[in-house]
Each structure stands twice: as C-alpha cells, then as structure tokens.
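Note that the coordinates shown come from a computational prediction; the quantities given were computed from them, not determined experimentally.
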Amino acid sequence: MSQRIKIKALLQSGETGTEVTVKGWVRAFRSNRFIALNDGSTNGNLQIVVDFENTDPALLKRITFGAAVSITGKLAPSLGQGQSVEVIASEIEILGDCNPDEFPLQPKKQTLEFLRENAHLRFRTNTFGAIFRVRNTLSFAVHQFFQEKGFVYLHTPVITQSDAEGAGEAFHVTNFDLNNVPRTDTGEVDYKQDFFGKSTNLTVSGQLEGELGAMALSDIYTFGPTFRAENSNTTRHLAEFWMIEPEMAFYDIHDNANLAEELLKYVISYALDKNKEDLEFLTQRLLEEEKQKPQNERSELSLLDKLQFCLNNDFERLTYTEAIQILRDSTPNKKKKFVYPVEGWGTDLQSEHERYLVEKHFKKPVILTDYPKEIKSFYMRQNDDGKTVAAMDILFPGIGEIIGGSQREERLDKLETRMDELGIPKDELWWYLDTRRFGACPHSGFGLGFERLVLFVTGMGNIRDVIPFPRFPKNAEF
C-alpha cells in the first residue's frame, strides 16, 4: 500500500506519475466526479478525479461534505485552474460517514459566533485551520528564540499559594466537599484540613517562581497556562490563557526592552516565512470584514502590512511622563474624543491612549517606561525620583499593550517597604524575599500574553477565536 502523504507536501512538490495515498475530509463533491479533499495541513484542497462510471453508486452516495476518506491513485498534472496536480483515484475507502442533513457545518459562510458555539468543529473551517496553524508556528518560534539564546525552559507551578499580581482575581483550588466545608471555631474555612493544608489557587503568573530560577540559571523562560477569575466578557479577556514570561539575571530595564523587541520581531518574521499562505488568506478575510465597517473605523494597514510595519520600524522609546504630555496635548483629548480623558500625571493609560501613540502620533510600535509606582506592581524596581518604577510596556497597532515587564526590585529594604505600603504579607512570600537576602543581583523580566500575540498576527478581532477552547464567564464547554 502507498504511504500516506500530506496534501500540502503534494501541492508543493508538483511531482506527477507516482501512486500516492491521501487521507482527509471531503470539502466538496461535484458532478459525481471531482472531490475537493482537505487534511488540515493547508487551506488548499487536493482535487481527486473519480471514475464514477466504474464506481459503486452506493459508495458515491457516501462521499458527502465532511466525510473522512482514504484515496489511492496516480498523481497527474491538473487540467483545472488553481492546482498543479490532481489524483486519479483507483481506490476509495470511506473511513467515516458524515450525514449532511445533521452536520452542523455546511459548505457556506458561518458566523464567528456560531463557530464559537461549535468550537469542537470549527477547526474544520479555513479560517480556524489558518489561525491554529499560525498559533502552532508562533509557539514553536517562541521556544526556538529562547533556546537559541541559551535560556532554560522552566515549568512553574499551576497550583500556587501566591497571587503574583495582588489583584485577588484567582480561582481557588480545593479538595473539600463543597456541601460540607470544615470550619474553625471562629467560623472561617479551616484550610488546615484541605489537601495542601493552606488556601491555594490556580496561578495568575509564573513570574515570581521564574525569578527564583533566574537567580541560579541566569536566563529562564516560562510558557504555560495562567488563570484569572475576572468577570469580564470583553473581546480581550479570557479566564484561561497562555503566558510567556522570561526572567533574566543581570539585565536592566534597557536590556529587557531590547530582548522583548527582538522576540516580537523574531516570531512575527518566522510566521511570515512559515505561514505565508495562511496569512495571505487571513489578510483577505480581514479585508472583507472591514468592508462592512464605516470608513473611519477601517484600519489604514492590511494585516500583512501591519506585520511588516512592526518588523521594519525600530520601536519608539519614551517615558510615561513624555507620553502623558503628548496625550494631554493631542487633538482627541482637547476635543474630548477619548472615552477616558487624559487629565494629568498618574492617569492609568487605556487601550485608546496606547493605540493613539502607536497609530497616530509615532506611527510605529512604542515602548513606554518609567510609570508611576502607584499604578504598577510591588515587585518593580523603584527609580531614584521616588515616584516612578522601572516598568516597561510595549504597545502595538490595533491592540495596545502586548508586553508588560520591568526591572525587578532586588534591594530587600525597598521591596519590604513597598510590600508593607500595599499590605502584602511578607510571611507568605518569605521564599521570594530570600532571593534578595542571598546573592541578590539586578534582574528583569516581562510577560507576553500568547493569545494577544496570536490575535495580532492573525488579525482576528476576538481573543476567543485564537485559543482552541475559550474559557470565559459562564462558559467552560468542550
């Protein structure tokens, strides 16, 4: 029997005259003669030519949209347009029937909302085939980037006692029977009887544990799932998502920014090289979608242009203070066009402000540094002015913040003082403080939300469409 060959490889090779076996799903069956076969390796279909006069009519009836088939035959030059080769079938085997009357997907345009409700089947569409092939490439590129630089891939815990962000939006983990939770004499939950003996939750970040690794291995990165119990139904939030979080010993804030810019350019360039067809398809999809919008809401750049925009420009670097001045003096702010007016120093920047800086003012990606310490996390290194911290955010067109990071506070006294100011219990983070007691050094790191990266590279508008099975309030289906 012939060895199975992926359709993408066949279409790219252009070889003819050999016998091949292909397996996939029927995308169309025309005139009882031409099967459009797809196996998910590409959006391109392989045309199969069926000798319908010498094929059992009962078998022909089973060749329906969505059916899984195995086909053996000779590769021949294609006479039709759009493909270089086709297969002249000599054997057809139905591997899995698909009743077209019951199959939720139909050979027509489906709404993204409908496909979210049928996320178990949406991989079979061209749009989601392209998205998840790009996601796969980006994931590989992230690992390759760090591995080439000698970083150690560190698996940080999914179950933890710490809330790295201090936001209190964590999912609790317990082994208690929720109908019979043990209580202390004062009526509080008695966590000493729980599985871990303490209150635990799903991780919101691997950063704090990543810092521990960096203090011995120098350069580490994490790439794993994180969880936020944030009751948000926006197009930018998920309850479960993946984070890339490198931590580097002996890096200052500028080294940190350089690495982050290099990472983003590397993975975008890698996807453009490896997923050219998919990104061309997604560019066309976005173009069609934007035609439905009013002219003033359409993007000035196509998806491919936007990706090149990030590769071709050195990222603009400026301080938060400089950015606030630009935003205060901007026309949208003076004309009260911003939903959140920029009133002065200390304002927490919103996505609309970030996008203005990138898309309108500088017309290039932006790295903002030196934010007010009051709007940033406790672990960020305090600057000499006493008001700001060595924070760093990277802002991208269409999306706003894509990376957030900082130089970490390595001075024990400063860190403890800040924790006291914010009411963060030092006894619970004794192990984190130990890294400042024993051989502390300047170090930095950042977090890149992987779904935000995929959202940007694919041009999709909703983050639920770039993760296979989205988790959000009131939904944990599939």
Side-chain angles (χ1 to χ4, degrees), residues 152-217 220-232 237-247 377-380 404 408-409 412 415-416 418-440 443 445 447 449-451 467 469-478:
V152 174
Y153 179 32
L154 196 70
H155 294 126
T156 51
V158 170
I159 299 173
T160 177
Q161 292 173 31
S162 70
D163 173 6
E165 299 297 323
E169 294 172 335
F171 287 101
H172 295 292
V173 175
T174 182
N175 199 38
F176 283 150
D177 174 357
L178 296 184
N179 292 315
N180 188 26
V181 177
R183 303 272 176 183
T184 64
D185 294 340
T186 56
E188 296 175 334
V189 175
D190 187 0
Y191 285 110
K192 288 183 180 178
Q193 295 187 47
D194 206 354
F195 187 90
F196 293 106
K198 287 185 178 179
S199 173
T200 55
N201 50 266
L202 295 178
T203 184
V204 299
S205 167
Q207 178 205 315
L208 301 188
E209 293 88 351
E211 285 186 54
L212 311 185
M215 289 300 96
L217 302 168
I220 68 93
Y221 72 104
T222 77
F223 190 171
T226 51
F227 308 85
R228 300 275 169 94
E230 187 176 354
N231 190 15
S232 174
H237 288 92
L238 289 166
E240 175 187 281
F241 52 98
W242 288 67
M243 286 290 289
I244 299 145
E245 296 178 292
E247 291 291 330
S377 298
F378 76 94
Y379 50 72
M380 295 187 178
R408 314 311 191 188
E409 181 57 83
L412 180 62
L415 185 59
E416 288 189 320
R418 189 71 184 129
M419 290 174 75
D420 287 339
E421 288 172 2
L422 295 173
I424 296 171
K426 296 196 290 288
D427 58 334
E428 290 183 13
L429 288 175
W430 62 270
W431 46 270
Y432 184 69
L433 294 171
D434 263 4
T435 61
R436 276 66 177 172
R437 292 189 180 100
F438 311 120
H443 62 287
F450 186 53
E451 280 72 29
I467 190 168
F469 304 105
R471 301 291 183 246
F472 50 92
K474 303 293 185 284
N475 189 287
E477 197 72 73
F478 314 112

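You'll find the side chain of Met380 stays beyond 4.5 Å of the side chain of Glu409, heavy atoms only. Proximity of Leu415 to Leu433: side-chain heavy atoms (C-beta onward) are separated by under 4.5 Å at one or more points.
From Leu212, atom CG reaches atom CG of Asp434 across 9.5 Å, with rounding to the nearest 0.5 Å. Interatomic distance, Phe472 CZ to Asn475 CG, rounded to the nearest 0.5 Å: 3.5 Å. Rounding to the nearest 0.5 Å places CZ of Arg437 at 9.5 Å from CH2 of Trp430. The CZ atom of Phe176 sits 4.0 Å away from atom CG of Asp194, with the distance rounded to the nearest 0.5 Å. Atom CZ of Phe241 is separated from atom OG1 of Thr226 by 3.5 Å, given to the nearest 0.5 angstrom. For the atom pair CE of Met243 and OH of Tyr221, the computed distance is 15.0 Å after rounding to the nearest 0.5 Å.
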task = Start with the C-alpha gap between Phe196 and Thr174, add the side-chain angles, then the distance that decides, and say whether side-chain contact (heavy atoms from CB on, under 4.5 Å) holds.
result = CA-CA 8 Å; Phe196 293 106; Thr174 182; over 6 Å; no
request  = Go through the steps to decide whether Met215 and Arg436 satisfy the test side-chain contact (heavy atoms from CB on, under 4.5 Å), and finish with yes or no.
outcome  = CA-CA 10 Å; Met215 289 300 96; Arg436 276 66 177 172; 6.0 Å; no
Steps toward side-chain contact (heavy atoms from CB on, under 4.5 Å) verdict (Thr200, Thr160) = CA-CA 6 Å; Thr200 55; Thr160 177; over 6 Å; no
request  = I would like to know whether Tyr379 and Gln207 meet side chain to side chain donor-acceptor pair (under 3.5 Å); could you show each step before the answer?
outcome  = CA-CA 10 Å; Tyr379 50 72; Gln207 178 205 315; 3.1 Å; yes
request  = Might you work through the side-chain contact (heavy atoms from CB on, under 4.5 Å) test for Ile467 and Phe469, ending with a clear yes or no?
outcome  = CA-CA 6 Å; Ile467 190 168; Phe469 304 105; over 6 Å; no
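The distance between the ring centers of Tyr153 and Phe223 does not fall below 6.0 angstrom.
The minimum heavy-atom distance between Ile220 and Leu154, with the atom names listed, is CD1-CD2, 4.2 Å. The nearest pair of heavy atoms linking Pro473 to Ser232 is CD-O, 3.3 Å. Taking all atoms of both residues into account, the shortest heavy-atom contact from Ser199 to His172 is OG-ND1, 4.3 Å. The two residues Val204 and Glu169 come nearest to each other via the heavy atoms CG1-O, 4.3 Å. Listed here is the closest heavy atom pair of Asp190 and Arg183: CB-C, 3.9 Å. Shown here for Thr222 and Thr156, the closest heavy-atom pair between the two residues is CG2-CG2, 3.6 Å.
Ionic pairing of Arg471 and Glu477 is not present here: no N-O contact between side-chain nitrogen and carboxylate oxygen is shorter than 4.0 angstrom. Using a cut-off of 4.0 Å between Lys/Arg side-chain N and Asp/Glu carboxylate O, Arg408 and Glu247 are scored as salt-bridged.
Remark: the backbone N or O of Tyr432 is not paired with any side-chain donor or acceptor of Glu211 at under 3.5 angstrom.
Taking a 6.0 Å sphere around CG of Asp427, one finds it holds more than 12 heavy atoms contributed by other residues, nucleotides or ligands.
For the residue pair Glu245 / Ser205, a side-chain donor-acceptor distance below 3.5 Å is found, with atom types taken as modelled.
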